[in-house]
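Working notes for the structure below.
Chain letters run A, B, ... following the sequence lines, proteins first, then strands; residues in each count from 1.
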There are 2 protein chains.
Amino acid sequence: MKLSTRGRYGVKAMFELALHHGGTPVSIKEIAERQNISEYYLEQLFSNLRKAGLVKSIRGAQGGYVLSRPPEEITIADIFNVLEGPIEVSDCITQEMNCSRINYCATRLLWLKISNSINDILNSTTLQDVVNDYNNLQEKTKGKEE
Amino acid sequence: MKLSTRGRYGVKAMFELALHHGGTPVSIKEIAERQNISEYYLEQLFSNLRKAGLVKSIRGAQGGYVLSRPPEEITIADIFNVLEGPIEVSDCITQEMNCSRINYCATRLLWLKISNSINDILNSTTLQDVVNDYNNLQEKTKGKEE
DNA sequence: ACATATCCGAGTAAAATTGTCAATTTTATA
DNA sequence: TATAAAATTGACAATTTTACTCGGATATGT
């Protein structure tokens, strides 16, 4: 069970926007360089993020992207839902007919419990939480750099 | 973010073994029929489960598979670890050098929190829990069948 | 005008997924 | 002892997904 790069890159990119929230737009090029991600690939991700309403774009020179909402109102679940799709622990829920009746209920309940638990975590963590963690770490390592 | 069929099929198969725990061995053919899974595909999964020590095989006629440990001592995490591999939310943890320093700490902490939370759920759910859920549902639906 | 951006759709190589299959070995039982 | 049931192993293959790459169009601050 793993996360694809879409979710990872997406969170990293959104984290960059969160750091600059309130300031000037951040371009894909900047993010791609800072996070070491393919510029063209990021374009696609931002296309999805924009259509989902998580970011706003400013076209033309000096343009870029900004968060549509403050970082504390954007959850990791929001980002994952757009870029990774919903958590599909099992298709048992949508394709009930394929399941033999004998196991249907027991395993379905398990998948439901697992996906609910995962969603709880993702829903309760916001971009602001990630920024706060980052700031705390910056504070702790202050003066320890070479 | 989704689970592959390996994990799903594996849990379903192990659930069948849990139901028969203490009784006669269950063959791959039986499980494949009851759970509507490819017999040949299940072979591969059981090969992994056996090598990991989760099940024991009895070869020859009337043979099959049995759980190596009682159902309450086998967690969903045990099964997933064998069939899906460990939860890799990010390779940031193993390949630290690829991360630009500026984001390294913040997103790594996030991936760590997420994977820990998921592992907590999977570690705390045993095959016996799934069997209990199944029995409870059987109880509730008693007499309601057509 | 021009450089800097987003926007959009198409294509693509590599990897992972989800199987299938054939041949062999083991063993309970008739 | 012969037979059938069943695990064991390793190879192969179709399909899908992933992770990009690219070309051009459109928009806009300077």
- Query: Does dA7(D) have OP1 or OP2 sitting under 4.0 Å from an N or O in the side chain of Ser47(B)?
  - Reply: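 Looking at the OP1 and OP2 atoms of dA7(D), neither is under 4.0 Å from any side-chain N or O of Ser47(B).
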
- Query: Can you list the other members of the hydrophobic cluster that holds Tyr40(B), where links are side-chain heavy atoms under 4.5 angstrom apart?
  - Reply: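 In the cluster with Tyr40(B) there is nothing else; it is isolated.
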
- Task: With Tyr9(A) as reference, evaluate Tyr41(A), Phe80(A), Phe46(A) under the ring-ring contact (aromatic ring centres under 6.0 Å, His included) test and give the passing residue.
- Result: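 Of the listed options, the one satisfying the test is Tyr41(A).
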
- Query: Taking only residues two or more places apart in sequence or in another chain, which ones pass salt bridge (charged side-chain N to carboxylate O under 4.0 Å, His left out) with Asp129(B)?
  - Reply: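 Checked Asp129(B) against salt bridge (charged side-chain N to carboxylate O under 4.0 Å, His left out); zero matches.
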
- Contact class for Phe46(B) vs. all strands (heavy atom < 4.0 Å): base, sugar-phosphate, or nothing?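 Here Phe46(B) touches no strand at all.
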
Whole angstrom is fine here: how far is it from [atom1] in [X] over to [atom2] in [N]?
{"X": "Leu45(A)", "N": "dC7(C)", "atom1": "CG", "atom2": "C1'", "result": "14 Å"}
{"X": "Gln62(B)", "N": "dA7(D)", "atom1": "CD", "atom2": "P", "result": "11 Å"}
{"X": "Lys29(B)", "N": "dC21(C)", "atom1": "NZ", "atom2": "P", "result": "15 Å"}
{"X": "Asn36(B)", "N": "dG19(C)", "atom1": "CG", "atom2": "C1'", "result": "14 Å"}

Tell me which donor-acceptor pairs under 3.5 Å the side chains of residues 55-69 of chain A have, and how far apart each pair is, sequence neighbours excluded?
residue: Ser68(A); atom: OG; partner: Gly53(A); partner atom: O; Å: 3.1
residue: Ser68(A); atom: OG; partner: Leu54(A); partner atom: O; Å: 3.3
residue: Ser68(A); atom: OG; partner: Val55(A); partner atom: N; Å: 3.3
residue: Ser68(A); atom: OG; partner: Val55(A); partner atom: O; Å: 3.3
residue: Arg69(A); atom: NE; partner: Glu73(A); partner atom: O; Å: 3.2
residue: Arg69(A); atom: NH2; partner: Glu73(A); partner atom: O; Å: 3.2
residue: Arg69(A); atom: NH2; partner: Asp78(A); partner atom: OD2; Å: 3.3

- Nearest to the side chain of Arg50(B) - dA6(D), dA7(D), dT9(D)?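 Of the candidates, dT9(D) comes closest.
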
- In 5'-to-3' order, the base (B), backbone-only (S) or no-contact (-) status of each nucleotide in nucleotides 15-28 of chain D, using a 4.0 angstrom heavy-atom cut-off, is ----BBBB---BBB

- Item | Summary of salt bridge (charged side-chain N to carboxylate O under 4.0 Å, His left out) pairs that have at least one residue in residues 39-53 of chain B, sequence neighbours excluded |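 Matches after skipping sequence neighbours: none remain.
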
- Which residues satisfy the side chain to side chain contact (heavy atoms under 4.5 Å, CB included) test with Gln128(B), sequence neighbours excluded?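 Once residues adjacent in sequence are excluded, the partners of Gln128(B) under the side chain to side chain contact (heavy atoms under 4.5 Å, CB included) criterion are Pro71(B), Glu72(B), Thr126(B), Val131(B), Asn132(B).
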
